*Asks:* 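A single structure is presented below for examination.
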Amino acid sequence: MCPSQSGARDSNGSDRSADSSTVVWSAPPKALDLGENEVDVWRASLKCAPELIRRVESTLSDDERNRAARFHFARDREFFVAARGMLRELAGAYLKSAPSELRFQYGPEGKPSISRKNLDCPIRFNLSHARETALYAFACGREVGIDIEDIRSDFAGEAIAEHFFSADEVAELRALPAELQTEGFFNCWTRKEAYVKARGGGLQIPLDSFAVVLTPGAPVQFVRGVESRWNLIAFTPGPNSVAALAFDGSPCEVRFFDVKLVRH
């Protein structure tokens, strides 16, 4: 096992929340092992060298290649190929399997998982990307969800908040100083998306049916509408972006790694 890089604990001692100050991004170990009391988060750039794109594309399934071919712009296609290829490489490393041998299946709302044919242990994963940055979460025997968003003032409108956020969250957002409202909006969005993705519920879980803390710098936690078995962590994956991780079960160690690949 690798040493822990950070834990799911905040400065107040709560074991079901954490803030971005706890995150330390580390180089990956030579061998990947994942215990039941660990969740691994990986950060990767999707802006890869052409030879890497070709290599990982060769590991994709026919369905993934067909999906890639439907993108109109070459950059979007390359980002998709890189994201899926890196997912296969990481999952293959955990499972000690060739990336091309992995088979994915999808839940009723589209959440991907690894086919039972590939599993000796109940590994779970989730991924998200914003422009050229991708995040991956892996766990053993736990459901996980992850989301990353660029902080964009042109999207963080009050009308969108009123439509998707709970009344408590809208009130908290309005109470923030103007200069913090955009960050608060995306704090809320990523934390809610991470939980919904972990649940695999898609549109079956209304975003206003539960509430999270969104104030920048405040302890990260669920406020209501979520069972106590769910954990929530927020962190900053890069400049002008925010991210969140949700996972179920007892509190555990969360390790943060950088994917080191050849880039442009």
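Computed from a predicted model, the values in this text were never measured in an experiment. Only this structure's heavy atoms are used, side chains among them; waters, hydrogens and symmetry mates stay out. All residue numbers in this chain count up from 1 along the given sequence.
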*Asks:* Should we count CG of N240 as having more than 12 external heavy atoms under 6.0 Å?
*Replies:* no
*Asks:* Given a cutoff of under 4.5 Å between side-chain heavy atoms of I, L, V, M, F, W and Y, with clusters grown through shared members, what are the other residues clustered with V213?
*Replies:*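 Answer for V213: V223.
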*Asks:* Between D62 and R65, is any pair of side-chain heavy atoms under 4.5 Å apart?
*Replies:* yes
*Asks:* At what distance, to the nearest 0.5 angstrom, does CD of E38 lie from SG of C252?
*Replies:* 8.0 Å
*Asks:* I'd like to know if the side chain of Y94 and the backbone of A139 have a donor-acceptor N/O pair within less than 3.5 Å.
*Replies:*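 A pair under 3.5 Å: no.
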*Asks:* Compare all side-chain heavy atoms of F138 with those of V144 and state whether any distance is below 4.5 angstrom.
*Replies:* no
*Asks:* Look up atom CZ in R88 and atom OG in S61, then write down how far apart they are to the nearest 0.5 Å.
*Replies:*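 R88 atom CZ to S61 atom OG measures 5.0 Å (nearest 0.5 Å).
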*Asks:* Drop me the distance from L232's CG to R191's CZ, to the nearest 0.5 angstrom.
*Replies:* 6.5 Å
*Asks:* Kindly indicate, with the supporting measurements, whether the criterion salt bridge (Lys or Arg N to Asp or Glu O under 4.0 Å) is fulfilled by R174 and E158.
*Replies:* CA-CA 8 Å; R174 287 173 174 163; E158 187 170 308; 3.1 Å; yes
*Asks:* With the side chain counted from C-beta on, respond yes when T236 and V23 share a heavy-atom pair under 4.5 Å apart, and no when they do not.
*Replies:* no
*Asks:* Go through the steps for M86 and L46 under the test side chain to side chain contact (heavy atoms under 4.5 Å, CB included), then give the verdict.
*Replies:* CA-CA 9 Å; M86 283 187 245; L46 300 180; 3.8 Å; yes
*Asks:* Quick one, N231 and P251 - any side-chain contact, counting heavy atoms below 4.5 Å?
*Replies:* yes
*Asks:* Output yes when a side-chain donor or acceptor of D147 lies under 3.5 Å from a complementary backbone atom of A194, and no otherwise.
*Replies:* no
*Asks:* Can you tell me how the ring of W189 sits relative to the ring of F164, calling it parallel under 30°, perpendicular over 60° and tilted otherwise?
*Replies:*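 Taking F164 first and then W189, their aromatic rings stand perpendicular (interplane angle over 60°).
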*Asks:* Taking all non-hydrogen atoms of both residues, which atom of P237 and which atom of W25 are closest, and how far apart?
*Replies:* CA-CZ2, 4.2 Å
*Asks:* Please report the closest heavy-atom contact between I53 and E78, naming both atoms and the distance.
*Replies:* CD1-O, 3.6 Å
*Asks:* Hey, what do you get for CG (L135) to CD1 (I146), rounding to the nearest 0.5 Å?
*Replies:*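 Between atom CG of L135 and atom CD1 of I146 there are 4.5 Å.
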*Asks:* Test F79 against F71 for ring-ring contact (aromatic ring centres under 6.0 Å, His included), laying out the working first.
*Replies:* CA-CA 10 Å; F79 281 4; F71 285 97; 9.9 Å; no
*Asks:* Output yes when a side-chain donor or acceptor of K96 lies under 3.5 Å from a complementary backbone atom of L32, and no otherwise.
*Replies:*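 Yes, K96 side chain to L32 backbone: donor-acceptor pair under 3.5 Å.
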*Asks:* Take atom CZ in R131; do more than 12 heavy atoms of anything else shown fall under 6.0 Å from it?
*Replies:*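 Open: at most 12 neighbouring heavy atoms sit under 6.0 Å from CZ of R131.
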*Asks:* Look at the side chain of K197 and the backbone N and O of L127, then say whether any donor-acceptor pair between them is shorter than 3.5 Å.
*Replies:*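 Side chain of K197 to backbone of L127: a pair is present.
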*Asks:* Can you name the nearest heavy-atom pair linking I233 to F235, along with the distance?
*Replies:*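 Heavy-atom minimum between the residues: CG2-CD2, 4.3 Å.
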*Asks:* Taking all non-hydrogen atoms of both residues into account, name the closest pair between A156 and T182 and its distance.
*Replies:*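 Between these two residues, the closest heavy atoms are CB-CG2, 4.0 Å.
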*Asks:* Can E143 and R229 be said to form a salt bridge (Lys or Arg N to Asp or Glu O under 4.0 Å), step by step?
*Replies:* CA-CA 11 Å; E143 295 298 338; R229 65 189 178 91; over 6 Å; no
*Asks:* Does the ring center of W230 lie less than 6.0 Å from the ring center of Y195?
*Replies:* yes
*Asks:* Show, in sequence, the C-alpha distance, side-chain angles and deciding distance for D208 and E169, and conclude whether the side chain to side chain contact (heavy atoms under 4.5 Å, CB included) test is met.
*Replies:* CA-CA 9 Å; D208 62 358; E169 291 164 336; over 6 Å; no
*Asks:* Using a 3.5 Å distance criterion without hydrogens, assess whether the side chain of R142 forms a donor-acceptor pair with backbone atoms of D248.
*Replies:*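 Yes, R142 side chain to D248 backbone: donor-acceptor pair under 3.5 Å.
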*Asks:* Side chains of T59 and E89 only: does a donor on one sit below 3.5 Å from an acceptor on the other?
*Replies:*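 The answer is no; no qualifying pair exists.
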*Asks:* Indicate yes or no for a side-chain donor-acceptor contact from Q181 to the backbone of L176 under 3.5 Å, with no hydrogens or angles considered.
*Replies:*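 Yes: the side chain of Q181 pairs with the backbone of L176.
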*Asks:* With side chains defined as the heavy atoms from C-beta onward, is the minimum distance between C188 and E172 less than 4.5 Å?
*Replies:*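 When only atoms from C-beta onward are counted, E172 and C188 do not touch, as no gap falls below 4.5 Å.
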*Asks:* Please confirm whether R84 makes a cation-pi placement over F104, using NZ or CZ under 6.0 Å from the six-membered ring centre and within 45° of the ring normal.
*Replies:*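 Checked: cation-pi criterion met.
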*Asks:* Which atom pair, heavy atoms only, marks the closest approach of G92 to L102?
*Replies:*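 Scanning both residues completely, I find the closest heavy atoms to be N-CD1, 3.6 Å.
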*Asks:* Do Y106 and F80 share a hydrophobic cluster, counting only Ile, Leu, Val, Met, Phe, Trp and Tyr and linking them when any side-chain heavy atoms are less than 4.5 Å apart?
*Replies:* no
*Asks:* Side-chain contact test, heavy atoms from C-beta onward, threshold under 4.5 Å: evaluate it for P29 versus F257 and give yes or no.
*Replies:*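 Sidechains of F257 and P29: in contact.
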*Asks:* Give the C-alpha distance, both sets of side-chain angles, the deciding distance and a yes or no for side chain to side chain contact (heavy atoms under 4.5 Å, CB included) between F165 and K192.
*Replies:* CA-CA 9 Å; F165 295 175; K192 294 170 89 68; 4.2 Å; yes
*Asks:* Check step by step if side chain to side chain contact (heavy atoms under 4.5 Å, CB included) holds for S250 and N37.
*Replies:* CA-CA 8 Å; S250 60; N37 291 318; 4.3 Å; yes
*Asks:* Mind checking whether F222 and S228 have side chains closer than 4.5 Å, heavy atoms only?
*Replies:*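 Sidechains of S228 and F222: no contact.
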*Asks:* According to salt bridge (Lys or Arg N to Asp or Glu O under 4.0 Å), who are the partners of D40, at least two apart in sequence or on a separate chain?
*Replies:*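 In terms of salt bridge (Lys or Arg N to Asp or Glu O under 4.0 Å), with neighbours along the sequence ignored, D40 is linked to R255.
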*Asks:* For a 4.5 angstrom cut-off between non-hydrogen side-chain atoms, does F247 reach V254?
*Replies:* yes
*Asks:* Could you measure the distance from the CD atom of E64 to the CG atom of L87? Nearest 0.5 Å is fine.
*Replies:* 7.5 Å
*Asks:* Taking atom OG of S128 and atom CG of L245, what is their separation to the nearest 0.5 Å?
*Replies:* 11.5 Å
*Asks:* How close do G35 and C140 get, heavy atom to heavy atom, and via which atoms?
*Replies:*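 Looks like O-CB, 4.1 Å.
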*Asks:* Taking it one step at a time, do R152 and D154 satisfy salt bridge (Lys or Arg N to Asp or Glu O under 4.0 Å)?
*Replies:* CA-CA 5 Å; R152 298 168 40 203; D154 62 325; 3.3 Å; yes
*Asks:* Strictly distance-based, threshold 3.5 Å: is any side-chain N or O of R67 a donor or acceptor partner for the main-chain N or O of V81?
*Replies:* no
